[in-house]
There are 2 protein chains.
Amino acid sequence: MDVVNIFLTSELGESLEDFVHDQRRFTFDRLGPEGPRRLVEGPMWAFVDWVMPELAGLEMCRRLRADARTADAHVTMVLEEDDPEDRRRALRAGADDYVIGPLTRTAVLDRVLALQSRGVERQATRRFELGALTIDMAALQARWNEQPIVLRPNEFRLLRFLAENPNRVLTREDLIAGLGKREPPIDERTVDVWIGRLRRAIKAAGGGNPLRTVRSLGYVFDLS
Amino acid sequence: MDVVNIFLTSELGESLEDFVHDQRRFTFDRLGPEGPRRLVEGPMWAFVDWVMPELAGLEMCRRLRADARTADAHVTMVLEEDDPEDRRRALRAGADDYVIGPLTRTAVLDRVLALQSRGVERQATRRFELGALTIDMAALQARWNEQPIVLRPNEFRLLRFLAENPNRVLTREDLIAGLGKREPPIDERTVDVWIGRLRRAIKAAGGGNPLRTVRSLGYVFDLS
DNA sequence: CAAGGGTGTGACGCGTTTGTGACTGCTTTT
DNA sequence: AAAAGCAGTCACAAACGCGTCACACCCTTG
């Protein structure tokens, strides 16, 4: 039986340790700005508070996703109130879902127990396939017909965003926003360079060119 | 409050209702040949099985698109196996994406959560059909009987504007204004060239000539 | 502190798009 | 029948948009 590793940014962890009887099935760890204190194996679940003493919850979220050790953790964002805009931001930052706070012990355990039933299946669905292209969120790797595509972090994010919106023209503005680049404002022409680098990487892996340029508008991930 | 309305053609719906904790965030409905059983508001998501008892999945797909109530739903086609030809057919019929079956509960929820959050806003009038002509505003692509029409940016804008005002004579002035050309003032005779190029492009895709000239007045998109 | 890879930006060059004038042929008017 | 009006088409030059490169500035690593 896998041990579920639960990370929390709040102090709820200690209280939970007392609460849970079967210690073998869960570990709890405090989640600070620099990530988890110890490395773990098995499924991970992070509860990230919207407001944190040292770091914004959104930023925490992004760091978890960027860090290879925690990239495939299930991230639940804890919102204080039910603001649709905040929910969108949370999910954009990489959160898998959210709860409207305050976080209670039972809310945590309900979700975690549900995770266990989803458990193994979940990792399989964290990868998706579009034609010859496979994107593995957990491993942060993309393949073209089993052939790995060597991508830099930004290129991976770009490919992912494009692939999540197939057959839809994305403007340069969409793409910049989709990759969460706000500060400082990014020059739209920079997107062209991103696309160029991504295309070259796919080509280097023997792939075709699923990225179609739509003149004067943007780019599309062509699925067909 | 954004509620995501999920339609399924399979029996998975009931099983999902038990599975989801937060009922306020999702509704589930069985999708029969005559469409959804009840009208809903908010984002819609349909999962359409390739094979269905009473109706082919492709036909279901087209009906969803043709029905104004469900025209802007996100349609995911569930394929049994990974056949490139089927994938293409699905997308042509109006599907936004597809999964290779069988459909699991986690596959549904993962996709909905991921795409709902990370996707780009859908515009309401994404796709419209006039006779043999299909205009896909999301992919910015036009087809004549499934055959893609290769259009330059200005030609696409022109076709779109004409198709938005079918059976109505548009003067050259209307067309120039409709395409948003102000500076510098465009010579009216230029419109003739636009029309000529558009006609040639449609013809090259094996299409007819839906653009009728009205002497001394302008042009009409003939719907018939 | 040095080394190295990742990333944003300005600049350059090339191919494509597009508005226009001219020519042609058809239609309407005188 | 001649003249005038109108639309279809072609060729061309200018403008535009995109791909690419080199470089500078990070930020991380040793």
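Every heavy atom of this structure was used, including side-chain atoms; hydrogens, water molecules and symmetry mates were not.
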Rounded distance in Å - [atom1] ([X]) to [atom2] ([N]):
| X | N | atom1 | atom2 | value |
| --- | --- | --- | --- | --- |
| B:I195 | D:dC6 | CD1 | C1' | 15 Å |
| B:L198 | D:dG8 | CG | P | 12 Å |
| B:W194 | C:dT17 | CH2 | C1' | 13 Å |
| A:L158 | C:dG8 | CG | C1' | 14 Å |
| B:R212 | D:dG8 | CZ | P | 13 Å |
| A:E188 | C:dG10 | CD | C1' | 16 Å |
| A:D192 | C:dG13 | CG | P | 18 Å |
| A:I176 | C:dT7 | CD1 | C1' | 13 Å |

#### Entry: Partner of A:I186 by side-chain contact (heavy atoms from CB on, under 4.5 Å), out of A:I176, A:L179, A:V191
A:I176
Out of [options], which has the shortest distance to the side chain of [X]?
| X | options | result |
| --- | --- | --- |
| B:Y219 | C:dT18, C:dG8, D:dG8 | D:dG8 |
| B:T190 | C:dG8, D:dG19, C:dT20 | C:dT20 |
| A:R197 | C:dT9, D:dC6, C:dG21 | C:dT9 |
| A:P153 | D:dG19, C:dT7, D:dG8 | C:dT7 |
| B:T213 | C:dT27, D:dG8, C:dT9 | D:dG8 |

Any [X] side-chain nitrogen or oxygen under 4.0 Å from OP1 or OP2 of [N]:
| X | N | value |
| --- | --- | --- |
| B:K181 | C:dT18 | no |
| B:S216 | C:dT28 | no |
| A:R215 | D:dG17 | no |

### Task
Measure the spacing between CZ of A:R212 and CG of A:D222 and express it to the nearest 0.5 Å.
4.0 Å
#### Entry: Straight-line distance of A:T134 OG1 to A:N145 CG, nearest 0.5 Å
7.5 Å
### Query
Does B:R152 have any salt bridge (Lys or Arg N to Asp or Glu O under 4.0 Å) partners at least two apart in sequence or in another chain, and if so, which?
B:E155
### Message
So, using salt bridge (Lys or Arg N to Asp or Glu O under 4.0 Å) as the criterion, who are the partners of B:D192 when residues are at least two apart?
### Response
B:R172, B:R189
### Sub-4.0 Å heavy-atom contacts from residues 199-207 of chain B onto DNA chain D, ordered by number
B:R199, B:R200
#### Entry: B:R189 (side chain) and D:dG8 (base): donor-acceptor pair under 3.5 Å
yes
### Message
Any side-chain to backbone donor/acceptor pair from B:D136 onto B:A139? Under 3.5 Å, distance only.
### Response
yes
#### Entry: Evaluation steps, side chain to side chain contact (heavy atoms under 4.5 Å, CB included), between B:L140 and B:I135
CA-CA 7 Å; B:L140 292 177; B:I135 300 183; over 6 Å; no
### Task
Between B:E155 and A:R157, name the one whose nearest nucleotide on DNA chain C is closer to the 5' end.
A:R157
### Task
Report which part of the nucleic acid B:V191 touches: base, sugar-phosphate, or nothing (heavy-atom distance under 4.0 Å, all strands).
nothing
### Message
Assess, by modelled atom type and distance only, whether the side chains of A:D187 and A:T190 contain a donor and an acceptor separated by less than 3.5 Å.
### Response
no
